[in-house]
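Each remark here refers to the structure printed beneath this line.
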Amino acid sequence: KAEDEWATVGEKQIAMETTPEDVVPEGKKEMTEDMPPNQATTYEEALNELLLQDMTEEKKDIITTDHRSRGMLGGIFHSLFGTKLKPELVKERDSLFTLAKVQFDDQKPIHPRILNQVYCLLTNTHNTSRFGAHWEKIGFQGNDPATDLRGVGILGLLHMLSDFSHRSITTDVYQLSQDP
């Protein structure tokens, strides 16, 4: 069932007589793509694909300098002895800051694939629906997990994928929490 839902994303609106878990929130467009979202995505694949996307607009919004006042002595001390980022790391820092500005978008095929993979890794399942109450069971605030990613952007989801990919204690705790 979940695989069918992902396959028809963007092509139809689910009728209101379905259960609340199956309802697509009004105004939400779902994705269409050549690669199904239930295809496993590794952290490395996801990161590489995300970094290849055009993030010009998001990059304009990143802040890389601390402009808080340090006072005269604090400013002098920071100029002389402050931590300076190695030039080869500046691009990496900027990429991470930019990914935090990239909002979840169903129209970008990698985004729903990462989301689906996070759910599958945490719950040890093979596929899930994009919307539904099952997201609340793993800690999201509602049936659309994308709303919880507003503050962290796609970087937050990427961190979850990285963490859950290594069979962390998080997945063990989740499995134990399902025991009656």
Side-chain angles (χ1 to χ4, degrees), residues 1-15 18 20-62 91-168 170-171 174:
K1 179 181 174 191
E3 194 170 308
D4 293 338
E5 284 181 30
W6 283 104
T8 61
V9 169
E11 296 175 10
K12 67 179 182 178
Q13 187 76 2
I14 299 173
T18 60
E21 289 185 18
D22 294 329
V23 175
V24 176
E26 189 174 332
K28 290 282 184 185
K29 287 189 175 184
E30 296 184 45
M31 54 158 253
T32 57
E33 62 172 306
D34 295 334
M35 185 180 292
N38 60 343
Q39 181 172 350
T41 301
T42 67
Y43 168 78
E44 292 78 13
E45 291 169 344
L47 179 61
N48 289 336
E49 191 167 333
L50 288 168
L51 292 176
L52 290 174
Q53 294 181 356
D54 179 23
M55 297 183 286
T56 308
E57 289 303 310
E58 291 86 353
K59 192 166 187 168
K60 292 177 185 176
D61 295 334
I62 66 171
K91 184 177 180 184
E92 189 172 341
R93 176 207 57 199
D94 290 353
S95 293
L96 289 174
F97 285 4
T98 303
L99 285 170
K101 295 289 184 178
V102 174
Q103 294 303 303
F104 185 90
D105 184 354
D106 283 307
Q107 299 303 314
K108 294 182 179 176
I110 189 66
H111 293 196
R113 280 197 353 249
I114 297 170
L115 182 64
N116 188 61
Q117 187 66 14
V118 163
Y119 184 88
C120 292
L121 287 170
L122 183 63
T123 62
N124 200 25
T125 59
H126 296 292
N127 201 10
T128 190
S129 302
R130 167 65 177 85
F131 302 97
H134 57 282
W135 293 105
E136 292 178 62
K137 292 178 184 173
I138 66 166
F140 287 97
Q141 293 180 4
N143 68 356
D144 181 4
T147 59
D148 287 1
L149 300 172
R150 290 178 292 212
V152 295
I154 200 69
L155 182 64
L157 198 55
L158 197 59
H159 279 293
M160 285 191 276
L161 179 61
S162 174
D163 185 40
F164 299 161
S165 294
H166 300 292
R167 188 68 183 152
S168 70
T170 310
T171 55
Y174 173 76

| task | In plain terms, say whether Glu45 and Arg113 are close enough for a salt bridge, that is, a side-chain N and a carboxylate O under 4.0 Å apart. | result | no
Contacts of Phe97 meeting ring-ring contact (aromatic ring centres under 6.0 Å, His included) (sequence neighbours excluded), chain-then-number -> none
Flag the pair Leu50 / Val102 as yes when at least one side-chain heavy-atom distance between them is below 4.5 Å, and no otherwise.
no
**Message:** Any heavy-atom pair between the side chains of Thr42 and Ser165 that's under 4.5 Å?
**Reply:** no
*Side chains of Leu161 and Leu47: closer than 4.5 Å at any heavy-atom pair?*
no
For Thr98, the side-chain hydrogen bond (donor to acceptor under 3.5 Å, both in side chains) test, sequence neighbours excluded, returns none
Donor-acceptor pairs are to be reported for all side-chain atoms of residues 149-156 against protein atoms at under 3.5 Å, with residues two or more places apart or in another chain.
| unit_1 | atom_1 | unit_2 | atom_2 | d |
| --- | --- | --- | --- | --- |
| Arg150 | NE | Thr147 | O | 2.9 |
| Arg150 | NH2 | Thr147 | O | 3.3 |

| message | In the structure I gave you, are the side-chain heavy atoms of Ile110 and Gln53 within less than 4.5 Å of one another anywhere? | response | yes
CG (Asp163) and CG (Leu158) are apart, to the nearest 0.5 Å, by 11.5 Å
- Task: Evaluate the criterion side chain to side chain contact (heavy atoms under 4.5 Å, CB included) for residue pair Met160 and Ile114; output intermediate values, then yes/no.
- Result: CA-CA 9 Å; Met160 285 191 276; Ile114 297 170; over 6 Å; no
Do Glu57 and Asp61 have side chains that get closer than 4.5 Å, going by heavy atoms?
-> no
query: With a 4.5 Å heavy-atom cut-off, do Pro145 and Arg130 have their side chains touching?
result: yes
Exercise. In terms of the angle between their ring planes, are Phe140 and Trp135 parallel, tilted or perpendicular, with boundaries placed at 30° and 60°?
Worked result: perpendicular
